[in-house]
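One structure is given here, and the rest of the page talks about it.
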Amino acid sequence: MRPLKWYKKLATEKGRLEAGAFLIEGDKAIRQIINSRPTEISEIVTAKDLPDIYRSYPIRFVSDSQFHSICSTRTPQGPIAVVNLPLDTYSAELPGSTGACVLLLEGIQDPGNAGTLIRTAAAFSYSGVILSDKTADPFSPKCVQSTSGTVLALWIRRTARYIELVSTLRSRGFSVVSADLAGSEDPSVLAGGGALLLALGNEASGLSKPILDTSDHRFKIAVAQKEAESLNVAACGAICMYLSSLTRGK
């Protein structure tokens, strides 16, 4: 039987890579994994009785105090699942099938924003997400919770070589469309159809020059600047992904 400290180590990137696993908390999020990638769950940890949907997995019962010591949330909403970590997440190779819509997150350090954007990408049928190495780890506890169980619904790559991946996609016919506060175009460029890579950057510094120089379009979303200087990156991303879905039948 695994010691409790094994589960606690999964809160760190090093621990997750060594174990090849991550944790996801809460009944709703775990059911999402069961519906989409059921074979990736290796164990359920709980201090309470569970519904029948969990009975096909190994279940470990622990005390309330032990359970709370493992959880990253103050008020856990259901059990914890140990889930296999997709190790290709940290490679610099694109999957064999990239799909037609990909999201790039550059320097988005807040795990809540990163997780929300991954969840939104899944909701609007994006196939994958590329993250710079300075973007929050998608399998950190807060990021996983913010995805609400959708973190395995699409392919993810997090690498220092993300600019190479962008260039490769562009060479394959993807249009690189970047959200840029200094952009001269409007969001209608997102509705052009065809393969799309939507690039979003750090709220304070925006996208890097290499990404902007690679972009086919640089747009901005007009806001009432007297009331709010700019949008939160997760809100901006949600608007952009919705607009990009309108002409793609998603």
Side-chain angles (χ1 to χ4, degrees), residues 22-38 40-41 53 73 77-78 81 83 85-86 88-89 94-95 97-106 108-132 135-158 162 165-166 169 174-179 187-203 219 221 223 231-250:
F22 69 98
L23 299 181
I24 187 162
E25 301 175 21
D27 180 73
K28 182 179 179 181
I30 296 172
R31 284 174 184 264
Q32 181 68 43
I33 298 290
I34 291 173
N35 289 335
S36 62
R37 302 287 291 276
E40 298 305 312
I41 296 174
I53 192 172
T73 54
Q77 302 295 315
V83 185
L85 181 71
D88 54 3
T89 295
L94 290 166
S97 177
T98 60
C101 291
V102 176
L103 177 66
L104 168 68
L105 304 181
E106 184 184 43
I108 297 177
Q109 298 174 339
D110 182 275
N113 282 336
T116 299
L117 285 162
I118 291 170
R119 179 181 181 181
T120 305
F124 287 114
S125 298
Y126 275 57
S127 301
V129 182
I130 298 171
L131 293 82
S132 70
T135 293
D137 188 322
F139 294 100
S140 64
K142 185 175 180 180
C143 194
V144 168
Q145 292 308 114
S146 296
T147 69
S148 193
T150 61
V151 69
L152 296 184
L154 63 184
W155 60 262
I156 298 176
R157 295 291 185 272
R158 182 176 183 261
Y162 65 97
L165 301 187
V166 172
L169 288 174
F174 276 72
S175 179
V176 180
V177 181
S178 296
S188 63
V189 296
L190 290 162
L196 169 72
L197 188 145
L198 169 63
L200 303 174
N202 179 278
E203 289 184 30
F219 72 93
I221 297 175
V223 298
L231 291 172
N232 168 274
V233 67
C236 173
I239 294 170
C240 295
M241 284 183 267
Y242 169 71
L243 291 174
S244 72
S245 73
L246 294 178
T247 56
R248 291 175 169 81
K250 297 172 182 175

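Computed from heavy atoms alone, side chains included, the values below leave out hydrogens, waters and symmetry copies.
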Evaluate the criterion side chain to side chain contact (heavy atoms under 4.5 Å, CB included) for residue pair L85 and T89; output intermediate values, then yes/no. CA-CA 8 Å; L85 181 71; T89 295; 5.7 Å; no
Criterion side chain to side chain contact (heavy atoms under 4.5 Å, CB included) on S132 and L104, from CA distance to verdict: CA-CA 8 Å; S132 70; L104 168 68; 5.8 Å; no
Please step through side chain to side chain contact (heavy atoms under 4.5 Å, CB included) for the pair L23 and F139, ending with a clear verdict. CA-CA 8 Å; L23 299 181; F139 294 100; over 6 Å; no
Under the side chain to side chain contact (heavy atoms under 4.5 Å, CB included) criterion, do L169 and I130 qualify, and how do the steps go? CA-CA 11 Å; L169 288 174; I130 298 171; 3.8 Å; yes
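A search for side chain to side chain contact (heavy atoms under 4.5 Å, CB included) contacts involving E40 returns R37, V83, N84, L152, not counting sequence neighbours. Residues satisfying the side chain to side chain donor-acceptor pair (under 3.5 Å) criterion with T120, sequence neighbours excluded, are absent altogether. By the side chain to side chain donor-acceptor pair (under 3.5 Å) test, S188 pairs with D186, sequence neighbours left out. The ring pair (Phe, Tyr, Trp, His ring centres under 6.0 Å) search around Y162 returns none, not counting sequence neighbours. For D110, there are no salt bridge (charged side-chain N to carboxylate O under 4.0 Å, His left out) partners two or more places apart in sequence or in a different chain. Here T73 pairs with E25 under the side chain to side chain donor-acceptor pair (under 3.5 Å) rule; sequence neighbours left out. Listed by chain and number, the residues in a side chain to side chain contact (heavy atoms under 4.5 Å, CB included) with D88 are P86, S91, R157 (sequence neighbours excluded). With sequence neighbours excluded, the residues satisfying side chain to side chain contact (heavy atoms under 4.5 Å, CB included) with A179 are L200, F219, C236. For A136, the side chain to side chain contact (heavy atoms under 4.5 Å, CB included) partners two or more places apart in sequence, or in a different chain, are P111, A114.
In this structure, CD in E106 is found 9.0 Å from OG in S178, a value given to the nearest 0.5 Å. To the nearest 0.5 Å, the span separating CG on L154 from SG on C101 amounts to 11.5 Å. For the atom pair CG of L190 and CD1 of I239, the computed distance is 11.0 Å after rounding to the nearest 0.5 Å. With rounding to the nearest 0.5 Å, the separation of CG in N113 from CG in L105 is 9.5 Å. The line from CD1 of I53 to CD1 of I34 is 4.5 Å long, rounded to the nearest 0.5 Å. Of the inter-residue distances, the one linking F174 atom CZ with L198 atom CG reads 12.0 Å to the nearest 0.5 angstrom.
Contact between V151 and P138 at its shortest, heavy atoms only, is CG2-O, 3.8 Å. The nearest pair of heavy atoms linking F124 to S245 is CD2-OG, 3.8 Å. The shortest non-hydrogen separation linking I33 to G149 is CD1-O, 3.3 Å. What you find for V129 and A121 is that their closest heavy atoms are CG2-CB, 4.2 Å. Closest of all the heavy-atom pairs between A234 and L117 is CA-CD2, 3.8 Å.
Screening residues 136-154 for side chain to side chain donor-acceptor pair (under 3.5 Å) gives R16-D137, Y90-D137 as the qualifying pairs, with residues at least two apart or on separate chains.
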